[in-house]
Number of protein chains: 2
Amino acid sequence: MSKSKLTLTAAESVACCSPVLTDPMSEDRAERIAPLLKAIADPVRLRLLSPVAAHEGGEACVCDLNDAFELSQPTISHHLKVLHEVGLLDRSKRGVWVYYRVRSRALGDSATLLAGVGR
Amino acid sequence: MSKSKLTLTAAESVACCSPVLTDPMSEDRAERIAPLLKAIADPVRLRLLSPVAAHEGGEACVCDLNDAFELSQPTISHHLKVLHEVGLLDRSKRGVWVYYRVRSRALGDSATLLAGVGR
DNA sequence: TGTCAATATTGACGCATGTCGAAGTCGAAG
DNA sequence: CTTCGACTTCGACATGCGTCAATATTGACA
């Protein structure tokens with residue numbers, strides 16, 4: 001990322017500074033991390049992640065995802081937006097189509113975080 | 001109840017069968033896992049886990065937790081119940097006091113699951 | 001320019017959830 | 001048996017969230 005950003009996504013807030021272990025998590029940190037977990041904690045969004053990751057080249061077109069779910073197109077669009085906003089999905093528009101890509105680093109960081117909370 | 005349970009906690013549903021990797025997560029599985037993640041995806045509950053894990057002997061009394069938060073006692077009790085119901089916290093009553101203990105296995109399993117979704 | 005197709009946004013609806021005060025339960029100790 | 005203290009449950013309130021239909025936007029192409 002060349003340009004300087006002023007705000008961090010939830011995923012980026014997770015990435016740094018690790019030791020959540022024994023000492024209690026600060027209120028501030030919890031408030032920043034919760035949205036990320038909340039984004040994943042939805043059945044539809046959970047199911048959205050793997051098809052994207054599994055697709056050719058690691059990215060999937062929205063149209064493919066629409067077909068794979070029995071939900072309205074706006075609803076899928078909404079969920080993708082949520083995942084994008086917390087930094088779990090990258091978004092790139094090519095022509096009329098929009099492709100999403102999993103930021104596996106962010107996902108891995110949240111997993112690490114989770115593992116660290118309890119031990 | 002001494003043994004044989006008919007229903008699994010959300011945490012137990014996560015434990016078995018791993019490969020969420022490339023093939024998409026089934027709707028059924030997603031519906032069972034989401035509540036577990038949803039339970040952790042709250043700032044207060046996130047902050048509740050580490051003090052419990054860090055306490056003497058890995059368990060903490062509700063009274064200790066009440067003092068550590070600026071929330072009403074019923075609210076803390078509610079959050080502990082949520083964490084308990086999804087299988088992340090064990091609950092044992094000794095005398096007048098109630099002690100909660102982190103089931104680190106369950107927490108670890110959800111972390112593993114999360115790591116597996118994106119790659 | 002105008003039309004069509006792919007996504008996004010808006011607005012509205014109902015349901016879920018976090019919070020509190022008040023009341024209920026359940027041991028322990030007089 | 002009565003009282004007290006530690007929790008839990010209940011009822012109510014406000015806010016948040018998933019969903020859809022309708023509408024807007026954007027790019028390709030005739």
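Atom set for the values below is all heavy atoms of this structure, side chains included, hydrogens, waters and symmetry mates excluded. Residue numbering restarts at 1 for every chain, and letters A, B, ... go by the order of the sequence lines. Here the structure is a predicted model, which means the values were calculated and not measured.
The nearest heavy atom of DNA chain D to A:Lys38 and to B:Asp64 marks one nucleotide each, and the one closer to the 5' end goes with B:Asp64.
A heavy atom lying under 4.0 Å from DNA chain C marks none of the residues of residues 55-63 of chain B. Of the residues in residues 65-82 of chain B, B:Leu71, B:Ser72, B:Pro74, B:Thr75, B:His78, B:His79 come within less than 4.0 Å of DNA chain C through at least one heavy atom, sorted by number.
The bend of the helix from C:dT1-D:dA30 to C:dG30-D:dC1, defined by the angle between the axes of its first five and last five pairs, stands at 10° to the nearest 10°.
At a threshold of 4.5 Å between non-hydrogen side-chain atoms, the residues B:Arg91 and B:Val62 do not count as touching. When side chains are defined from C-beta on, B:Cys61 does not count as touching B:Val98, because their heavy atoms never get closer than 4.5 Å. Residues B:Arg29 and B:Arg32 meet the side-chain proximity criterion, which asks for heavy atoms closer than 4.5 Å. Looking only at side-chain heavy atoms (C-beta outward), B:Leu80 and B:Glu85 stay at 4.5 Å or farther from each other.
Note that NE2 of A:His79 is 12.5 Å distant from OH of A:Tyr100, once rounded to the nearest 0.5 Å. Note: A:Leu48 CG to B:Met25 CE = 11.0 Å, rounded to the nearest 0.5 Å. From B:Trp97, atom CH2 reaches atom OG of B:Ser92 across 13.0 Å, with rounding to the nearest 0.5 Å. Taken from NZ in B:Lys38 to CD1 in B:Ile33, the straight-line distance is 13.0 Å, to the nearest 0.5 Å. Separation of atoms CG (B:Asp28) and CZ (A:Arg47) is listed at 10.0 Å; rounding is to 0.5 Å.
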Subject >> Steps toward side-chain contact (heavy atoms from CB on, under 4.5 Å) verdict (B:Leu83, B:Val52) >> reply: CA-CA 12 Å; B:Leu83 289 171; B:Val52 172; over 6 Å; no

Subject >> Intermediate values then yes/no, side-chain contact (heavy atoms from CB on, under 4.5 Å), A:Leu46 and B:Leu37 >> reply: CA-CA 10 Å; A:Leu46 258 179; B:Leu37 294 174; 4.1 Å; yes

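For residues 55-67 of chain A, the pairs satisfying side-chain hydrogen bond (donor to acceptor under 3.5 Å, both in side chains) are A:Glu59-A:Arg94, A:Glu59-A:Arg101, with sequence neighbours left out.
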Just the table, please: protein N/O against nucleotides 27-30 of chain D N/O, every pair under 3.5 Å.
none

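Regarding contacts with the backbone of D:dG18, a side-chain N or O of A:Arg45 is found under 4.0 angstrom from either OP1 or OP2.
Residue B:Tyr100 is classed as a sugar-phosphate contact, given heavy-atom separations below 4.0 Å to backbone atoms only.
Formation of a donor-acceptor pair under 3.5 Å by the A:Arg45 side chain with backbone atoms of A:Ile40 is not found in this model. Listed for the B:Thr112 side chain is a donor-acceptor partner under 3.5 Å among the backbone atoms of B:Gly108. For A:His84 (side chain) and A:Leu89 (main-chain N/O), a donor-acceptor pair under 3.5 Å exists by modelled atom type.
Chain A approaches DNA chain C over the interval C:dA6 to C:dT9, counting the first and last nucleotide 5' to 3' with an atom under 4.0 Å from its heavy atoms.
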